[in-house]
Amino acid sequence: MYRTVEDRIRKALRHHIHERYKTDVPIVTERPPKLSMGEVASPVCFELAKRLKKPPRALAQEIANSLHPIPGVARVEVAGGGYLNVFLDRSAFFRSTCEEASKKAAAPANESESGAKVVVEHTSINPNKAAHIGHLRNAVLGDAFVRLLRYSGRRVEVQNYIDNTGVQVADVVLGFLRLEPKSLAEVAALAGKPKFDYLCWDLYARVTQWLAEDKSRLELRSQTLKEIEEGHGAAAQMAAIVSDAIVQCHLRTLDRLEIDYDLLSRESEILHLKFWDAAFAMLKERGAIQLATSGKNAGCWVMQLSSDARPPEDAQATEETGAEEPQELAEAKIIVRSNGTVTYVGKDIAYHLWKYGLLGRDFFYRPIHTHPDGHEAWTTASEPAPAGGQAAPKFGHAHEVYNVIDSRQAYPQQVVAAGLRALGYSEQADRLKHFSYNVVALTPRCAVELGYEIPAEDAKKTYIEVSGRKGQGVKADDLIDQLEARAREEVEARHPELAGTAEGRQMTDAISKGALRYFLLRFTRSTAIAFDFKDALSFEGETGPYAQYAVVRVNGILRKGAESHPEFERVDAANLQRIDSGEIDAAKFLAAPEGDDLWDLVLLAGSLDARVDVAVAAQEPAFLARYSFELAQAFNIFYHKHHILSEEDAEKRAFLLRLTSLVREQLVAALALLGIIAPEKM
RNA sequence: GCGCCCGUAGCUCAGUUGGAUAGAGCGUCUGCCUUCUAAGCAGAGGGUCGGGGGUUCGAGUCCCUCCGGGCGCGCCA
């Protein structure tokens with residue numbers, strides 16, 4: 001509701017200033033620091049004063065005096081050196097917010113089936129080992145952003161890119177072939193067992209070390225990789241078994257956090273269906289890439305990047321080689337190697353042409369996984385599905401693309417955009433957004449706890465990055481297990497009778513999930529998370545369970561009210577109706593100054609729409625996490641100040657009840673956007 | 001070398017297009033459970049917003065510079 005009123009005020013000011021002063025200034029509005037200064041303020045007169053060469057305070061006074069009434073606004077005052085402070089009609093705001101919230105709650109799934117499609121790619125874990133906390137940050141961020149987009153009415157398709165033919169898979173295959181060694185059948189048997197991803201995690205670390213011990217073994221890896229890419233032979237079969245099994249492990253892990261996908265796009269199909277050949281032809285035809293004939297890149301197809309997208313060459317290298325070769329091609333990005341194989345970036349350009357429906361080719365599709373909520377995830381396939389199967393949805397053809405990828409990959413992402421631009425698709429390139437985020441590292445203490453040896457100079461850093469290649473890091477399932485154990489402990493301490501029951505399990509589940517998702521979402525994207533078990537396992541203070549608990553308290557009030565006050569339902573239900581219809585005017589409970597604390601809560605509850613807008617615009621789910629916490633905190637303060645069920649005045653009690661359920665509706669909605677569900681009790 | 005990100009309370013972080021008195025959580029200390037669940041609330045203490053210049057009516061926020069930290073720049077992905 002806040003957003004609606006704010007818009008109205010901005011529009012009124014813009015119109016008024018345009019009419020009266022024949023000039024257009026950007027209208028900024030903000031929340032004043034104190035409630036006594038109103039709910040919306042604008043410093044626009046400072047800017048206007050500059051243009052008109054008049055004192056800002058006088059201008060503000062003129063505008064305040066002559067501004068036409070705005071629906072939902074009680075009055076406009078002048079403050080400070082020339083601020084316009086707007087005071088809202090509290091009662092009207094309350095009623096509109098209740099109405100909006102009830103409408104949203106009645107029809108929460110407002111996912112758009114039409115309109116421009118947004119493709120969000122997230123998770124994209126290499127299918128060669130178990131998922132770790134860094135992957136969880138990616139998935140949880142992406143998932144929350146998807147929920148935000150859908151909530152604001154966008155049509156969204158979630159893709160998860162599976163690099164099932166890359167070196168990382170090749171490494172594990174090499175491990176099974178050389179280190180173990182195991183036959184195809186043996187690997188297939190292992191792949192069907194639980195924790196196969198853990199087994200590969202360790203094997204991958206061993207292979208990394210084995211390769212480091214003798215560099216000549218790298219040749220073996222290249223050979224294995226080539227076989228996998230070509231898609232035939234024992235290595236390719238084993239790669240398929242390994243990667244398919246690990247994808248299943250990842251899906252199971254992410255199902256524990258209720259993260260869904262529409263499509264798993266696999267690199268094997270990009271290769272087998274010759275997506276690259278099509279893209280290669282386009283790139284050559286439109287002159288986006290050139291064949292370097294001399295210099296260090298001789299024999300490679302390279303793409304010249306515009307200067308802003310290209311980090312400069314290493315100074316030393318330029319000095320050594322720059323003299324005898326054409327400068328331009330030396331500074332270009334290699335797309336096709338001199339041996340004719342395509343780089344990762346090249347494949348990514350092909351994939352993105354497909355995402356935008358520009359490639360002129362399509363995948364075949366198969367259903368691959370049914371999520372616990374019943375949603376079907378599909379994967380790409382090289383051949384048409386057998387007749388009689390379910391028809392696949394139409395994938396791709398995006399209007400806009402968000403790639404949730406860590407910030408270290410900013411450069412390759414720019415190259416992909418540059419590729420689109422070089423092909424003449426500059427609008428698509430502009431609508432390709434790198435949704436970047438910083439790493440999840442470990443605090444030195446946490447690394448020591450996990451038994452890693454850390455260099456002395458690292459011990460005093462706030463965080464240290466550990467190497468996945470060496471098998472270091474916190475596995476996602478381990479962390480979720482620990483959280484569940486912690487949550488169970490708490491639940492059973494508080495509700496011993498629920499131990500082992502379905503209700504107890506549900507509670508444990510909601511709390512552990514809520515704690516983890518909130519923990520990963522409370523940091524803004526650019527913040528490197530220094531992971532520590534103590535913080536992640538906390539259920540107090542700024543955490544998911546804190547916000548969930550506020551919802552649980554509301555549940556408790558409404559439940560208790562119905563149980564212990566026989567007349568409650570009859571009297572209060574009737575009064576609630578009188579509140580909603582306006583027959584009981586909320587104004588008397590919200591009037592300043594006695595009603596300020598209640599109004600504070602109403603205002604915050606009514607600000608969900610504005611916060612969602614800002615979060616989407618900034619691509620920052622953390623803003624919503626913050627909002628959930630603020631609302632829960634405001635409710636807790638209210639809860640301690642006002643005892644609702646023992647309120648003598650029946651009309652006031654009805655008002656407090658209505659406010660309480662309004663807070664629940666808004667808090668539940670905000671938490672849902674983070675993928676957090678509050679249990680009935682906890 | 002060049003580019004990107006970061007530096008705010010003891011610790012971990014917010015601070016959304018520049019706006020009025022810089023905020024949370026954790027930790028520390030002091031209180032509050034015979035009234036709707038204490039996963040909570042109230043209070044105390046804690047800051048030269050890395051340093052220095054500049055732009056502006058106004059700077060934690062923008063520009064310059066210096067210091068400190070992280071990341072990226074491969075015929076890897």
Side-chain angles (χ1 to χ4, degrees), chain A residues 26 28 30 32-34 37 41-43 46-47 49-50 56 79-83 85 126 163 166-168 225 267 296-300 302 308 310-319 333-339 341 343-345 347-348 406-412 436 438-439 441 443 461-463 465 490-491 494-495 511 515 522-524 526-530 532 534-535 538-543 545-546 548-550 552-561 564 611 613-615 617-618 620 622-623 625-626 629-630 633 636-637 639-646 660 681-682:
Chain A
V28 295
E30 65 198 43
K34 275 175 13 186
M37 298 169 169
S42 179
F46 296 112
E47 180 64 28
K50 228 186 300 182
Y83 283 96
N85 286 349
N126 276 313
D163 184 5
V167 273
Q168 303 219 22
L225 180 59
E267 188 171 80
K296 63 173 183 180
N297 293 339
C300 299
V302 299
D308 57 349
R310 187 198 67 239
E313 286 285 290
D314 183 78
Q316 198 100 35
T318 308
E319 210 172 289
K333 178 74 191 167
I334 291 162
I335 304 296
V336 180
R337 304 181 187 105
S338 56
N339 68 2
T341 58
T343 60
Y344 159 79
V345 179
K347 282 180 271 191
D348 220 21
D406 77 75
S407 53
R408 290 174 302 193
Q409 296 195 55
Y411 176 51
S436 75
N438 213 326
V439 293
T443 62
K461 290 184 180 172
T462 55
Y463 62 86
E465 265 193 83
E490 291 293 330
V491 165
R494 284 157 219 258
H495 312 277
I511 293 166
R522 52 183 279 233
F523 303 94
T524 50
S526 63
T527 300
I529 299 181
D532 191 78
K534 182 175 80 60
D535 298 333
S538 167
F539 299 152
E540 287 166 20
E542 198 194 333
T543 65
Y546 176 96
Q548 291 171 314
Y549 191 62
V552 164
R553 279 181 151 166
V554 178
N555 295 341
I557 293 169
L558 301 180
R559 195 174 50 238
K560 253 316 188 355
S564 60
R611 299 297 192 101
D613 264 20
V614 177
E620 201 54 279
F623 291 177
R626 172 62 58 164
F629 175 66
E630 281 174 26
Q633 194 176 44
N636 278 334
I637 293 167
Y639 174 89
H640 280 274
K641 227 171 194 171
H642 303 269
H643 201 276
I644 296 159
L645 294 179
S646 62
T660 299
K681 294 183 190 173
M682 66 188 268

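Since the model is a prediction, treat every value here as computed from it, not as a measurement. What you see below is based on every heavy atom in this structure, not just the backbone, and it leaves out hydrogens, waters and symmetry mates. By convention in this document, chain letters (A, B, ...) are assigned in the order of the sequence lines, proteins followed by strands, and residues within each chain are numbered from 1.
Evaluation of the side chain to side chain contact (heavy atoms under 4.5 Å, CB included) rule for A:Ser436 yields A:Ser407, A:His434, A:Arg525 as partners, not counting sequence neighbours. Taking the salt bridge (charged side-chain N to carboxylate O under 4.0 Å, His left out) definition, one finds that A:Glu490 meets it with A:Arg486, A:Arg494, sequence neighbours left out. With sequence neighbours left out, A:His643 forms a side-chain hydrogen bond (donor to acceptor under 3.5 Å, both in side chains) with A:Ser646. Residues satisfying the side-chain hydrogen bond (donor to acceptor under 3.5 Å, both in side chains) test with A:Asp406, not counting sequence neighbours, are A:Arg408. Listed by chain and number, the residues in a ring pair (Phe, Tyr, Trp, His ring centres under 6.0 Å) with A:Phe623 amount to none (sequence neighbours excluded). Here A:Ile334 pairs with A:Asn297, A:Cys300, A:Val302, A:Thr343 under the side chain to side chain contact (heavy atoms under 4.5 Å, CB included) rule; sequence neighbours left out. Qualifying side-chain hydrogen bond (donor to acceptor under 3.5 Å, both in side chains) partners for A:Thr341, counting only residues two or more places apart in sequence or in other chains: A:Arg337, A:Asn339.
Annotated as anti: B:C41, whose O4'-C1'-N torsion sits more than 90° from 0.
Among the heavy atoms of the strands, none lies under 4.0 Å from A:Gln168. Nucleic acid contact for A:Ala528: sugar-phosphate only, since backbone atoms but no base atoms lie under 4.0 Å from a heavy atom of the residue. Contacts of A:Tyr463 with the nucleic acid, taken as non-hydrogen atoms under 4.0 Å apart, involve only primed sugar atoms and P, OP1 or OP2. Residue contacts for A:Pro26: at a heavy-atom cut-off of 4.0 Å it reaches no nucleic acid atom on any strand shown. Within the nucleic acid shown, A:Arg611 has no heavy atom closer than 4.0 Å to any nucleic acid atom. A:Ala298 comes within contact range of at least one nucleobase, with a heavy-atom separation under 4.0 Å. If you check every strand for non-hydrogen atoms under 4.0 Å, A:Val552 touches a base. If you check every strand for non-hydrogen atoms under 4.0 Å, A:Gly166 touches nothing.
The base of B:C5 is not paired with the side chain of A:Ser407 by any donor and acceptor separated by under 3.5 Å.
To the nearest whole angstrom, the two P atoms, one in B:U8 and one in B:G69, are 14 Å apart. For the C1' atoms, the distance from B:G23 to B:A9 is 10 Å, rounded to whole Å. Spacing between B:U12 and B:G53 at atom C1', rounded to whole Å, works out to 32 Å. For B:G50 and B:C6, the C1' atoms lie 11 Å apart once the distance is rounded to whole Å. Distance noted for atom P between B:G47 and B:A42: 22 Å (whole Å). Distance check on atom C1': B:C11 versus B:G51 gives 23 Å, rounded to whole Å. Of the C1' atoms belonging to B:U65 and B:C29, the separation is 43 Å, rounded to the nearest Å. Taking atom C1' in both B:A14 and B:C41, the straight-line distance is 22 Å, to the nearest Å.
The A:Met682 side chain lies nearest to B:A39 when the options are B:U35, B:C75, B:A39. Across B:A42, B:C71, B:C6, the shortest atom-to-atom separation from the side chain of A:Ser526 is found for B:C6. When each of B:A39, B:C75, B:C13 is scored by its nearest atom to the side-chain atoms of A:Ile334, the top-ranked nucleotide is B:C75.
Contact check for A:Met682 versus A:Gln548: side-chain heavy atoms found under the 4.5 Å cut-off.
Between A:Glu630 atom CD and B:G15 atom C1' the separation is 10 Å, expressed in whole Å. In this structure, CG of A:Asp348 is placed 17 Å from C1' of B:G74, rounded to the nearest angstrom. In this structure, A:Phe539 places its CZ atom 16 Å from C1' of B:G40, rounding to the nearest Å. Summarising the geometry, the separation between CD on A:Gln409 and P on B:G74 is reported as 14 Å, rounded to the nearest angstrom. One atom, CD1 of A:Ile511, and another, P of B:A39, lie 11 Å apart when rounded to the nearest Å. When rounded to the nearest whole Å, the span between NE2 of A:His640 and P of B:A42 equals 8 Å. One can place CD1 of A:Ile529 at 15 Å from P of B:C6, the figure rounded to the nearest angstrom. Here B:C71 presents its P atom at 9 Å from CZ of A:Arg408, a figure rounded to the nearest Å.
Between A:Tyr546 and B:C41 there is a side-chain polar atom (N or O) within less than 4.0 angstrom of OP1 or OP2. At least one side-chain nitrogen or oxygen of A:Arg553 sits closer than 4.0 Å to the OP1 or OP2 atom of B:A38. A close approach under 4.0 Å does occur between a side-chain nitrogen or oxygen of A:Lys461 and OP1 or OP2 of B:G70.
Comparing A:His642 and A:Ile637 by the nucleotide of RNA chain B whose heavy atom lies nearest to each, the residue mapping closer to the 5' end is A:His642. Position along RNA chain B of the nearest nucleotide to A:Val167 versus A:Val439 favours A:Val439 as the more 5'-ward residue.
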I need a per-nucleotide contact map over nucleotides 17-26 of chain B, read 5' to 3'. Cutoff is protein heavy atoms under 4.0 Å; write B for the base, S for backbone only, - otherwise. B-BBB--SSS
Run the numbers on A:Ile529 and A:Phe523 for side-chain contact (heavy atoms from CB on, under 4.5 Å), then give the verdict. CA-CA 7 Å; A:Ile529 299 181; A:Phe523 303 94; 3.4 Å; yes
Test log, rule ring-ring contact (aromatic ring centres under 6.0 Å, His included), inputs A:Tyr546 and A:Phe539: CA-CA 7 Å; A:Tyr546 176 96; A:Phe539 299 152; over 10 Å; no
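With hydrogens and angles left out, the side-chain atoms of A:Ser526 and A:Asn438 include no donor and acceptor closer than 3.5 Å.
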Dot-bracket, RNA chain B: Watson-Crick or G-U, under 3.5 angstrom, [ ] crossing, | other strand? (((((((..((((.....[...)))).(((((.......))))).....(((((..]....))))))))))))....
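Residues A:Glu620 and A:Arg611 are not paired through a salt bridge, judged by the lack of any N-O separation under 4.0 Å between the basic side chain and the carboxylate.
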